[in-house]
Engineer: 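Starting off with a structure, shown below.
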Amino acid sequence: MLRWRREGEKYYFQHLDEIPLPNEIVNPCIIEKRKHKTNFVEGRTFLHLYRSFHRMWIFFVVAFQAMVIVAWRRSGSVYTVFDEGFLRRLLSIFITSAVLNLFEAVLDVALTFNAWRSFEFNQILRYLLKLIMGAIWVVILPIGYSISVKNPTGVIKFLKHWTGNMQNQSLYNYLIVLYLIPDLLATVLFVLPLLRKKLELSNWRIVTLVMWWNQPKLYVGRGMHEDFFSLLKYTMFWIMLLVIKLTFSYFVEIFPLVRPTKEILDMHVENYLLYKIVPNVAHNVGALIAIWAPIILVYFMDAQIWYAIFSTLFGGVLGAFRHVGEDNSIEQKNMAIFSQMWNEFICSMREEDLISNKDQELLLVPCSSSDDSVIRWPLFLLASKIPAALNIAKDSKRKEDAKLIKLINSDFYMHSAVVECYKTIKCLIDGLLEDEADKKIVLKIYDEVSNSLQQGKFLKEFKMSGMPLLSVKLEKWLKILMADHWDDEIYKAQITKALQGIMDTVTHDVMINGQKALQGASVYQNSKDGQSFEKINTQDIRHKSWKDKVSRLHFLLTFKESAADVPRNSEARRRITFFANSLFMNMPTAPKVSDMRSFSVLTPYYSEHILFTGDELNKENEDGISTLFYLQKIYADEWTNFRERMHYQESKEDICNWATYRGQTLFRSVRGMMYYRKALELQCALELPNHNASREEDSARAQALPDLKFTYVVSCQIYGTLKNSDDSHDQSRQRSILDLMLMHPSLRVAYIDEREETVNGESEKSFYSVLVKGGDKFDGYEREIYRIKLPGPPTKIGGGKPENQNHALIFTRGEALQTIDMNQDNYFEEAFKMRNVLEEFEHSCHWQRKPTILGLREHIFTGSVSSLAWFMSNQETSFVTISQRFLASPLRVRFHYGHPDIFDRIFHITRGGISKASKTINLSEDIFAGFNSTLRGGYITHHDYIQVGKGRDVGMNQISSFEAKVANGNGEQTLSRDVYRLGCRFDFFRMLSFYFTTVGFYFNSMVTVLTVYLFLYGRLYLVMSGMEKEILEKSIINQNKSLEAALIPQSLFQVGLLLVLPMLMEISLEKGFRTALADFIIMQLQLASVFFTFQLGTKAHYFGRTILHGGSKYRATGRGFVVFHAKFADNYRLYSRSHFVKGFELGILLVVYEVYGVSYRRSSLYLFITCSIWFLVGSWLFAPFVFNPSGFDWQKTVDDWADWKRWMGFRGGIGIQPEKSWESWWEREHEHLKYTNIRGRVLEIILALRFFVYQYGIVYHLDIAHHSRSWRVYGLSWGVIAAAFLLSKIVSVGRQLLGIELELVFRMLKAFLFLACLGITILLSKTFGLTISDLLAAVLAFLPTGWGILLIGQACRPWLKGLMRNFMKEMSRAYDYIMALLLFMPIAILSWLPFVSEFQTRILFNQAFSRGLQISIILAGRKDKSSPK
């Protein structure tokens, strides 16, 4: 065997015999040591956000400084710009810019220092030179500025003194021009993107040397610039947004605060109510920080709000231009081909039990013969049109032909129904009549109608009052034709009599001069004598096509009800509507199947449900509800349709299959993806056939060509383990996968095979990627196709899901690859459009790059059960439609957010694959595929005309786990090299798009929560220090409501209104504004704002904790059916630290502020801000219980309390799961602190110090303090805490030492301690003036302090000894008891009121109630005896 070998600049072959064996060491002395990280180190710090997006932060900081300078001078007058001193101060922003650039250079050095040992010298030199240049500018610019200022103050005065008395007004200007030269060059290259792209991709040494300063020596991240037209679009978008954002920030956030700030700076506070830890602080700096800190955070955050508003508006306009939701009439072009595809679509929905037999009959398009000029529309479109047309005609007056024709033509389908009936009657009569003379009579009547219409004399020659009678005669005639007959002569006589009756009605009751008009017919005399229509041909009556025509005509004449609710199933209506609308969207022309791109579909599978078994379906939960019973109630109409399809003789296997296709199962995904092959088979058959070939040859071609164009691979990594397992459950799953392969011969399954092999006499494990397919149906085994040896176990080296995809990638074929998740479905009608969407790879303008990823929209099929499922469905739908549409164009920052995007397989398989699989950092592996594609010159689009189904989580705990996983993933993305490279290599405006649509959204969610904290802690400081009272005595400040006005954007972000905006726009596009407005109102009534506010806390908590401490992991949410009650202990475990603790903290802050504050509470803005924070507190504390089915049921509440007490008291230990014991849960909850670094521990301690503020402020307001400001008051308060800890320790040790044997002594000890505390309290009350209000205030003061001590102890846990660890654990248990009791009491009270539970059920399941579902039966566990087993 040979392989390539490179030596110098030449390649030549080398025999494998010359290559050392893997385990053969040539020279042990030259073995390399372990290599260090290369060019990037993922340090856990928020500073990565600044390093990756430093240009954005510099812009916002400099703009903020400029606006403050403008607002500070002359009250912000526009004439200030002409003042020389003002302009000089304004130019100081470049000093700030230089400092921030130096900070970025310092971060470059600090965050890459651990990788320097693997750097090349020129990389290190580049970092050092940037650091030196940044330091030089930081020194030079302030010096130049000090020289140019005439009357300096502060630091500038010092620099002026240091430089002597030099005076040069223009030096600083020259320095600024010199400083801006690189930015000016960058601007020139920005407006010439093609030139910059050429320079970045150039390998010329001179160009490389010039670009070396700004561009690292990497293959990725070069030449990512868009064409000029695309650049112009997103640049104009961001310029418009930034102008409005900065204008709003100036006039609402900054300018109104300047005047109060000046007043506070000059104000002298005489009555400071606290001990001054830092004395002699000038200008009331503490008050200014308390006021300005939340405003500054809102300033940096509100760009996210403006982006949400602008993207919604422009995304809606873009969708309108793409004809999203546009409903047009289907053209008559290629109607024969379309009708066959439509009918297959309808039949597929019948097989899926979405429609009934009656619905199918109404929806099918009858096949038209080649000589038939009538376009036959589905019956549901023509229902009741003929009776309506008869009513219009009956009411018409003579001489109004044009008006009648206009009324009929105004309704396209009414006109079609009239024409079809008119021509079908003639066709049927001609088919029945054998005598040519009889046919001439009919032809004569039809000629009279045609002539009268052409001459505009129809109403003059025909009486419309006779039309109802004619309709009755026609109906009677059609009933005869549809009836079964035994005697042919009698049957012919009935037909003859009916036709003669019709003719008599036409000539006497409809035609005004009917007899006269027919005088010219030579056969009229026979008709008049009753001898006409006696020769009847009944040969064609037995044909199915004839019967279908008769039945259809009878329906058109007799059906008088509206068919607006056809089909009745909402999902079937949605699919039909979307398919019809999508046909008028912009899409490429589909090529022939033989010319289309070949493609593969890849689905990773691990251990999800494959096929429901009878035992699983009939197994009952604690409420007595089985999965089958649940599905029968949720999908009641589909269950009825299924039984109808099975002729009410369904087998156990049929029921299992029906239930499986309603869950998020592998069977459902495979069935959906195999629709691609079925659609290709039909399209092959509809294409021009080979007339020289036989039917067998055409059929073989239609079978073989789809196999060449389509491949489906399911990557089931554990299939080999399932085969070798002795467990019956594993064997059942393996058999189900094998059944899938036998059911679908085109399906392939890839798995990882682990084998024991002997190498050099030693046994070792070997790993293989194996591809198998179904064998002969009779032998029942799979057949192995390929086997590839792997260097190791891939799913243990990297992440499970991405490695599961990567190892199977080699088994896919074709030019395109669609990735499909296990919880996805496909639709037969959408599979027709796969040829069109694949053409998008070639369908691009000449100045644009060819796409490398095609983004598709998804439909969330799990949104029709509960309100939570509906919220998530709307949120996901808006993201995969309007949001991704706008990200792709014009912003050009759409990435791969998961399935079902289509990859250019050749592009990605040669550039690292479709999944990055490093553990932890690539937790959200999907988006890294988009990062990788963009960094390597790819182009990602989005297309609305095709959709794929997707299941989502439907329960509160499932949704929260999913949001936590996504937040964790975004935290890891923040630390990644991909985000750093994209943030640095994108141009400024594209970088803004990238930031605000990825990690910036989660960071701003965290900033929103942090703003609330800073606002309340700032107000707490002002209240406790007495400065608020002093400040508000100034009328100019008391009447200023700028702080509250500036916090309004934060409140809008908090309650989730920004997430609702895209939903409203997309629903308006697709269903109309009235529907969107109604949905918005219903969502608010169902407490959608409570849900979104709660999820805001989830995002903020897990995003921040991931960056600080790590600990991100894949969270299995479970894709089952969740309409069951979650226990109180389950909710407490999930949300205790992420929501409940923070909710109680904010609640205490609000209580303290309300008790001690004397604010201007009459202000409506103040009430809005305060109420919004109370709303936040209530949502974080009680949302899990509000959205918990039967959360306020009395019996379940009692059971939950017993379960919670059992959980709290159960001892932990090795092997005890967190669900069983509080101690095990407590250990796992703080597991992230075991592995965090020293920086994370220090930050955790610093954050915990905020809980000491309560005690510091409140103790000086106690009556027992007697207005003392001495430090001794604060010191004595710590003595009280120490005494409380000592008492708790005595009780704890007493319980351990005395125990059960000396229980009486232990009780006496507790009684003695209680009496001692009571005595001390009475003594303090009588001697020092301790009051009851002091005791209540002490609770507010000391509880947060204890929690702060607990947090510090947990952060320092590795250095604490066993005794202290146990004390911290018991202390934490006590706090959990207190928090749980505070949460449980309102729940218990509400549960005692019976109407609350009913009201909650209505809120949770309004969508289900609107569909007539028996949710109350499901929740209560009461089965309907009439329901089938």
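Since we're looking at a predicted model, the values are computed, not measured. We number each residue from 1, following the sequence as shown.
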Engineer: Flag the pair Y751 / S769 as yes when at least one side-chain heavy-atom distance between them is below 4.5 Å, and no otherwise.
Structural biologist: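 No, side chains not in contact.
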Engineer: Could you tell me whether the side chains of S356 and D359 share a donor-acceptor contact shorter than 3.5 Å?
Structural biologist: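 Short answer, yes.
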Engineer: Would you call R575-E352 a salt bridge at under 4.0 Å N-O?
Structural biologist: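 Answer for the salt bridge query: yes.
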Engineer: Taking E344 for its side chain and M341 for its backbone only, find out whether a donor-acceptor pair lies under 3.5 Å.
Structural biologist: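 No: the side chain of E344 does not pair with the backbone of M341.
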Engineer: Once you measure the plane-to-plane angle for Y661 and F667, does it fall in the parallel (<30°), tilted (30-60°) or perpendicular (>60°) bin?
Structural biologist: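 Rings of Y661 and F667: tilted, 30 to 60°.
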Engineer: Should we say atom NZ of K723 is surrounded by more than 12 heavy atoms from elsewhere, each under 6.0 Å from it?
Structural biologist: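 More than 12 within 6.0 Å, yes.
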Engineer: Does the plane of the ring in W639 sit parallel, tilted or perpendicular to the ring in W658? Use 30° and 60° as the thresholds.
Structural biologist: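 It falls in the perpendicular class, over 60°.
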Engineer: Locate the shortest heavy-atom distance separating P1189 from H1125; write the atom from each residue and the value.
Structural biologist: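 Smallest heavy-atom distance, with atoms named: O-ND1, 2.8 Å.
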Engineer: Does any N or O in the side chain of R573 come within less than 3.5 Å of the main-chain N or O of R568, such that one atom is a donor and the other an acceptor?
Structural biologist: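 Side chain of R573 to backbone of R568: a pair is present.
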Engineer: Under a 3.5 Å threshold, yes or no: a donor from one side chain and an acceptor from the other, between H859 and R574?
Structural biologist: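 The criterion, which ignores hydrogens and geometry beyond distance, is satisfied for R574 and H859.
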Engineer: Is there a donor-acceptor pair under 3.5 Å between the side chain of S551 and the backbone N or O of D548?
Structural biologist: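 No; judged by distance alone, with no hydrogens or angles, the pair does not exist.
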Engineer: Taking N826 for its side chain and M673 for its backbone only, find out whether a donor-acceptor pair lies under 3.5 Å.
Structural biologist: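 No: the side chain of N826 does not pair with the backbone of M673.
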Engineer: Please report the interatomic distance CZ(R748) to CD(E782), rounded to the nearest 0.5 Å.
Structural biologist: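 It comes to 12.5 Å.
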Engineer: Can you measure from CG (L771) to CD1 (I785) and round to the nearest 0.5 angstrom?
Structural biologist: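 Atom-to-atom, L771:CG and I785:CD1 are 4.5 Å apart.
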Engineer: Can you name the nearest heavy-atom pair linking L738 to Y781, along with the distance?
Structural biologist: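 Of all heavy-atom pairs spanning L738 and Y781, the closest is CD1-C, 3.9 Å.
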Engineer: Using modelled atom types and a 3.5 Å cut-off, is there a donor and acceptor pairing between side-chain atoms of Q947 and backbone atoms of E858?
Structural biologist: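 Not a single qualifying donor-acceptor pair exists.
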Engineer: Is there a side-chain contact between M956 and N1188, using heavy atoms and a 4.5 Å cut-off?
Structural biologist: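 M956 vs N1188: side chains apart.
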Engineer: Taking the side chain as every heavy atom from C-beta outward, state whether L686 and Q340 have any atom pair closer than 4.5 Å.
Structural biologist: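 Result yes, sub-4.5 Å side-chain heavy-atom pair found.
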Engineer: In terms of side-chain heavy atoms, does S715 have a donor or acceptor partner in H807 at a distance below 3.5 Å?
Structural biologist: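 Indeed, the side chains of S715 and H807 share at least one donor-acceptor pair under 3.5 Å.
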Engineer: Could you tell me the separation between the OG1 atom of T640 and the CG atom of D353, rounded to the nearest 0.5 Å?
Structural biologist: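 Spacing of OG1 (T640) from CG (D353) equals 10.0 Å.
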Engineer: Can you find a pair of side-chain heavy atoms, one from L379 and one from F559, that are under 4.5 Å apart?
Structural biologist: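 Sidechains of F559 and L379: no contact.
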Engineer: Describe, in one word, how the ring planes of F579 and F832 are oriented to each other, choosing from parallel (under 30°), tilted (30 to 60°) and perpendicular (over 60°).
Structural biologist: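 Judged by the thresholds at 30° and 60°, the geometry between F579 and F832 is tilted.
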Engineer: For K678, does the NZ atom sit with more than 12 other heavy atoms under 6.0 Å from it, leaving out its own atoms?
Structural biologist: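 Yes, because the 6.0 Å sphere around NZ of K678 holds more than 12 heavy atoms from other groups.
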Engineer: Do N618 side-chain atoms and G614 backbone N/O form a donor-acceptor pair below 3.5 Å?
Structural biologist: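 Confirmed, N618 side chain pairs with G614 backbone.
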Engineer: Cut-off 3.5 Å, side chains only: do D739 and S736 have a donor facing an acceptor?
Structural biologist: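 Checked: D739/S736 side chains show no N/O donor-acceptor pair below 3.5 Å.
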Engineer: Checking side-chain contact (heavy atoms from CB on, under 4.5 Å) for the pair V714/L666: CA distance, chi angles, key distance, verdict?
Structural biologist: CA-CA 9 Å; V714 174; L666 183 62; 4.2 Å; yes
Engineer: Among side-chain atoms of K619 and S626, is any donor-acceptor pair under 3.5 angstrom?
Structural biologist: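 There is no such pair (donor and acceptor under 3.5 Å, judged by atom type) between the side chains of K619 and S626.
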Engineer: Decide whether Q734 and Y719 meet the rule of one side-chain donor and one side-chain acceptor closer than 3.5 Å.
Structural biologist: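 A pair is found: one side chain offers a donor N or O, the other an acceptor, under 3.5 Å apart.
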Engineer: Check this for me: does any side-chain nitrogen of one of E963 and R952 sit under 4.0 Å from a carboxylate oxygen of the other?
Structural biologist: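 Salt bridge absent between E963 and R952.
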Engineer: To the nearest 0.5 angstrom, please state how far the CZ atom of R733 sits from the OG atom of S725.
Structural biologist: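 Spacing of CZ (R733) from OG (S725) equals 9.0 Å.
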Engineer: side-chain contact (heavy atoms from CB on, under 4.5 Å), that's the test. Do M674 and F710 meet it? Break it down for me.
Structural biologist: CA-CA 9 Å; M674 294 309 295; F710 168 70; 4.1 Å; yes
Engineer: Tell me whether Q360 contacts the main-chain N or O of C347 through its side chain, where contact means a donor paired with an acceptor under 3.5 Å.
Structural biologist: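 Checked: no pair found.
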Engineer: Taking the basic N atoms (NZ, or NE/NH1/NH2) and the acidic carboxylate oxygens, is any pair closer than 4.0 Å for R662 and E638?
Structural biologist: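 Here R662 pairs with E638 in a salt bridge, since their nearest N and O are under 4.0 Å apart.
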Engineer: Look at the aromatic rings of F1091 and F871 and report parallel, tilted or perpendicular, splitting at 30° and 60°.
Structural biologist: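 The rings of F1091 and F871 sit tilted, inter-plane angle from 30° to 60°.
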Engineer: Answer yes or no: is there a donor N or O on one side and an acceptor on the other, between the side chain of S961 and the main chain of N957, under 3.5 Å?
Structural biologist: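 Between the backbone of N957 and the side chain of S961 there is a qualifying donor-acceptor contact (under 3.5 Å).
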Engineer: Could you pull out the closest heavy-atom pair between N569 and D637, with the gap in Å?
Structural biologist: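 So the two residues come closest at ND2-OD2, 2.8 Å.
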Engineer: Less than 4.5 Å apart, side chain to side chain, heavy atoms only: is that true for C656 and T613?
Structural biologist: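 Not touching, per the 4.5 Å side-chain cut-off.
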Engineer: Are a donor atom and an acceptor atom from the side chains of S600 and R813 found within less than 3.5 Å of each other?
Structural biologist: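 S600 vs R813: no donor-acceptor pair found between side chains.
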Engineer: Classify the side-chain pair Y605/S669 by whether it contains a donor and acceptor separated by less than 3.5 Å.
Structural biologist: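 No.
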Engineer: Hydrogens and angles aside, do T819 and D901 bring a side-chain donor and acceptor to less than 3.5 Å of each other?
Structural biologist: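 No, no side-chain donor-acceptor contact under 3.5 Å.
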Engineer: Give, for atom NZ of K773 and atom OG1 of T711, the distance between the pair rounded to the nearest 0.5 Å.
Structural biologist: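 K773 atom NZ to T711 atom OG1 measures 11.5 Å (nearest 0.5 Å).
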Engineer: For Q818 and P900, indicate whether the former's side chain and the latter's backbone hold a donor-acceptor pair under 3.5 Å.
Structural biologist: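 Yes.
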Engineer: Between E650 and R643, is there a side-chain heavy-atom distance shorter than 4.5 Å?
Structural biologist: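 Counting from C-beta outward, R643 and E650 do come under 4.5 Å.
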Engineer: Does R1206 pair with D1203 as a salt bridge, N-O distance under 4.0 Å?
Structural biologist: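 Judged by the 4.0 Å cut-off on N to carboxylate O distance, R1206 and D1203 do form a salt bridge.
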Engineer: Between V713 and V749, is any pair of side-chain heavy atoms under 4.5 Å apart?
Structural biologist: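 Side-chain contact under 4.5 Å: no.
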Engineer: Do K652 and D654 meet the salt-bridge criterion of a basic N to acidic O distance under 4.0 Å?
Structural biologist: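 Salt bridge absent between D654 and K652.
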Engineer: Tell me, do D821 and K801 make a side-chain contact under 4.5 Å, heavy atoms counted?
Structural biologist: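 Result yes, sub-4.5 Å side-chain heavy-atom pair found.
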Engineer: Going through the distances and angles, do K709 and Y676 end up as a side-chain contact (heavy atoms from CB on, under 4.5 Å)?
Structural biologist: CA-CA 10 Å; K709 297 297 181 179; Y676 284 130; over 6 Å; no
Engineer: Would you check, one step at a time, whether the test side-chain contact (heavy atoms from CB on, under 4.5 Å) holds for I959 with L868?
Structural biologist: CA-CA 9 Å; I959 293 171; L868 291 180; 4.0 Å; yes
Engineer: Would K950 and D825 pass as an ion pair if we require N to O under 4.0 Å?
Structural biologist: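 Looking at D825 together with K950, the answer is no, because their closest N to O distance does not fall below 4.0 Å.
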Engineer: Set out, in order, the CA-CA distance, both residues' side-chain angles and the distance that settles ring pair (Phe, Tyr, Trp, His ring centres under 6.0 Å) for Y675 and Y827, then state yes or no.
Structural biologist: CA-CA 7 Å; Y675 279 147; Y827 310 119; 8.4 Å; no
Engineer: Look at the side chain of D730 and the backbone N and O of L722, then say whether any donor-acceptor pair between them is shorter than 3.5 Å.
Structural biologist: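 Here the side-chain-to-backbone pair does not exist.
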Engineer: Do you know which two heavy atoms are closest between S746 and D707, and how far apart they sit?
Structural biologist: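 Minimum heavy-atom separation between S746 and D707: OG-OD1, 3.0 Å.
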Engineer: Considering non-hydrogen atoms only, spot the tightest contact between F828 and S348 and give its length.
Structural biologist: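 That would be CB-OG, 3.6 Å.
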Engineer: About how many Å separate CZ of F345 and CG of L363, when rounded to the nearest 0.5 Å?
Structural biologist: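 Reported to 0.5 Å precision, the distance equals 8.5 Å.
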Engineer: Please name the pair of heavy atoms, one in A750 and one in F811, separated by the smallest distance, quoted to 0.1 Å.
Structural biologist: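 For A750 versus F811, the nearest heavy atoms are CB-CD1, 3.7 Å.
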Engineer: Between N357 and E361, is the side-chain hydrogen bond (donor to acceptor under 3.5 Å, both in side chains) condition met? List the steps.
Structural biologist: CA-CA 6 Å; N357 291 338; E361 180 182 354; over 6 Å; no
Engineer: Regarding D727 and Q731, is there a side-chain donor-to-acceptor distance under 3.5 Å anywhere?
Structural biologist: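 D727 vs Q731: no donor-acceptor pair found between side chains.
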